[in-house]
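The next block holds one structure in the form of structure tokens; read it before the comments.
We count residues from 1, following the sequence as given.
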Amino acid sequence: MSPVVVIGAGLGGLAAAVHLAAAGRQVSVVEARDEPGGCCGTARLGAYRFDIGPSVLTMPGLLAEVFGAAGQELRHWLPLRRLDPSYRMVFDDGSRLDMLPEREAMAEQVRTVCGPAEAARYERYRRLLDELFRVEWPAFIDADMTRLRALFRPAALLRLAALGGFRRLDRLAARHLTDPRLIKAHTFQALYVGLSPQRALGVYAVIAHMDTIGGVYFPERGGMHAIPVAMAALLEKLGASIRYGLRAKRVETDGDGVTGVLLEDGERLPAGHVVVACDRLAARRLLPDLADDWRLRRPRHSPSCLVMHVGLDRSLAGQAHHTLHFGRTWRETFTALAAGRPQPDPSLLVTCPEPDGEAAPDGHVTLSVLEPAPNLRRADWSRLRPKLEARLLGRMAELGYGDLAGAPRLVLDPPAWAARGHSAGTPFALDHRFTQTAWLRPSGVARRVPGLHFAGMYTAPGVGVPPVLISGRLAAERILKEVR
């Protein structure tokens, strides 16, 4: 069997490599950085360590599936704990709602905050989310979308339509819920796929299902970066090679397809299959002309974000791991973002992990705050950054977090994301409008270059930890079916 080279040691590349190595294939991973993780990275500032990628882990069963492919149990490699609450929602009127995965406990939360009638409506909406997830997951998310016929699942499409999956997300929620706070709590997740709740389709309610019903998890030690570290350790145990600090220069081919990968230092790695698991637009420089995908001719990127990581020399009593502070406006913030302007009164996601003895000194904590923001193609960040950073510090003080101006802090804006290899300065890749979804998203396989496959956010299923893990597994499954 021909060897496989995986370019990129992010979650998608590592997932593909583990599945392949566990099936007995010879696998080499090349990674330009000095550690695994890709988007799921980490950074240090003095005595503080921050996750500088995703902060939300849902559907841990997908991670267990990766380790299970190698005959290993996830808990032995990466102990996780479920967050309680998954999120704390704090609204502009001062009310708050803790999102809990258990049905009865969450219904009681809604009953207390929104009233008994809304609690009954919530339980009906929860059943709808369950059904949407049950129909959508096997047919369109956990499925290979590299062939057009994958879309033609009449029974699933008709059922999704009947459930309201092709309505706009905000209208779907408002059809079943009446309290604006509860509607916001179940539609803000549209931002994960780069769209406003007014533009996202109802099928993306499955993200709210993952968050609010499936639960949110976190590694017991090491933060989110512990995930790729554990996956890389498993891969090495399987006998695969991971080479850090090496940048791929070109995927080489002949008339029959992939033949190897040329590295920038001149070394050549022979391969019968290659998985490109990095930013798809940046990777164009690596690929043969025949690998160009027509779906990337007019890429539409998601908005970006301004993230401020702060080291605090004090603890925050009663602080939830994830707190979402909603602004006073709602629709106007999305209108501004779509037009390439800063949101006038943004909702902020504040993350404060429970101390694990490694991320901060005793008695200290780390705090991260994320504000959605225009990407580099929509705004001039040389002038925008100072204004938004000052505004964010002021807003955090208003919310009761104190004066953070003098605390150690690391700020990541769109130029910083671009420096880390993210096209258009956004870590959220392409948005999930209809024309960039499922088969219409850049393909996971280069049809005219046998042996060339793709994984990661730029291909289906799309953005987020669960979809990226799935993309890696799907790439591995296609390779294992091919004979070259």
Atom [atom1] of [X]: over 12 foreign heavy atoms under 6.0 Å:
{"X": "Arg328", "atom1": "CZ", "answer": "no"}
{"X": "Tyr244", "atom1": "OH", "answer": "yes"}
{"X": "Arg383", "atom1": "CZ", "answer": "no"}
{"X": "Asp380", "atom1": "CG", "answer": "yes"}
{"X": "Arg391", "atom1": "CZ", "answer": "yes"}
{"X": "Asp362", "atom1": "CG", "answer": "no"}
{"X": "Arg285", "atom1": "CZ", "answer": "yes"}

Keeping the roles fixed (side chain from [X], backbone from [Y]), state whether a donor-acceptor pair exists under 3.5 Å.
{"X": "Thr333", "Y": "Trp330", "result": "yes"}
{"X": "Arg420", "Y": "Ala416", "result": "no"}
{"X": "Thr323", "Y": "Arg88", "result": "no"}
{"X": "Arg221", "Y": "Asp356", "result": "yes"}
{"X": "Asp51", "Y": "Met224", "result": "yes"}
{"X": "Gln109", "Y": "Met99", "result": "no"}
{"X": "Ser304", "Y": "Ala373", "result": "no"}
{"X": "Gln343", "Y": "Asp345", "result": "no"}
{"X": "Gln189", "Y": "Ala185", "result": "yes"}
{"X": "Thr212", "Y": "Ala208", "result": "yes"}

Run through Leu263, Val251, Val275 and flag the one making a side chain to side chain contact (heavy atoms under 4.5 Å, CB included) with Ile7.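 Passing option: Val251.
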So among Leu97, Val56, Leu100, which one has a side chain to side chain contact (heavy atoms under 4.5 Å, CB included) with Tyr87?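 When side chain to side chain contact (heavy atoms under 4.5 Å, CB included) is applied between Tyr87 and each of Leu97, Val56, Leu100, only Val56 qualifies.
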Using every non-hydrogen atom in the two residues, find where [X] and [Y] come nearest and quote the distance to one decimal.
{"X": "Thr58", "Y": "Pro466", "answer": "OG1-CG, 3.4 Å"}
{"X": "Ala407", "Y": "Val310", "answer": "CB-CG1, 3.5 Å"}
{"X": "Arg385", "Y": "Asp413", "answer": "NH1-OD2, 3.1 Å"}
{"X": "Asn375", "Y": "Ser302", "answer": "ND2-O, 3.0 Å"}

In terms of side-chain geometry, is the basic nitrogen of Arg121 or Asp179 positioned less than 4.0 Å from the acidic oxygen of its partner?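 Salt bridge flag = no for Asp179 with Arg121.
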Ion pair present between Glu389 and Arg409, side-chain N to carboxylate O less than 4.0 angstrom?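 Yes, charged N to carboxylate O under 4.0 Å.
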Do the ring centers of [X] and [Y] come within less than 6.0 Å of each other?
{"X": "Phe188", "Y": "Phe334", "value": "no"}
{"X": "Tyr122", "Y": "His186", "value": "yes"}
{"X": "Tyr217", "Y": "His321", "value": "no"}

Checking Arg280 against Phe454: charged group under 6.0 Å from the ring centre and within 45 degrees of the axis?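 Positive - Arg280 is close enough to the ring of Phe454 and near enough to its axis.
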Mutual orientation of the aromatic rings belonging to Tyr125 and His176 [parallel < 30°, tilted 30-60°, perpendicular > 60°]: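 Tilted, since the angle between the ring planes falls between 30° and 60°.
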Taking the inter-plane angle between the rings of His364 and Tyr48 on a 0 to 90° scale, is it parallel (under 30°), tilted (30 to 60°) or perpendicular (over 60°)?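 His364 vs Tyr48 ring planes: tilted.
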Separation of Leu11 CG from Met231 CE (nearest 0.5 Å):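 Spacing of CE (Met231) from CG (Leu11) equals 5.5 Å.
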Side chains of [X] and [Y]: do they bring a donor and an acceptor to under 3.5 Å?
{"X": "Ser86", "Y": "Asp211", "result": "no"}
{"X": "Arg295", "Y": "Ser443", "result": "no"}
{"X": "His301", "Y": "Asp431", "result": "no"}

List the atom pairs, donor and acceptor, that lie under 3.5 Å between side-chain atoms in residues 193-206 and the rest of the protein, sequence neighbours left out.
unit_1 : atom_1 : unit_2 : atom_2 : d
Ser196 : OG     : Gln198 : N      : 3.3
Ser196 : OG     : Gln198 : OE1    : 3.4
Ser196 : OG     : Arg199 : N      : 3.2
Tyr204 : OH     : His432 : O      : 3.4
Tyr204 : OH     : His432 : ND1    : 3.3
Tyr204 : OH     : Thr437 : OG1    : 3.2

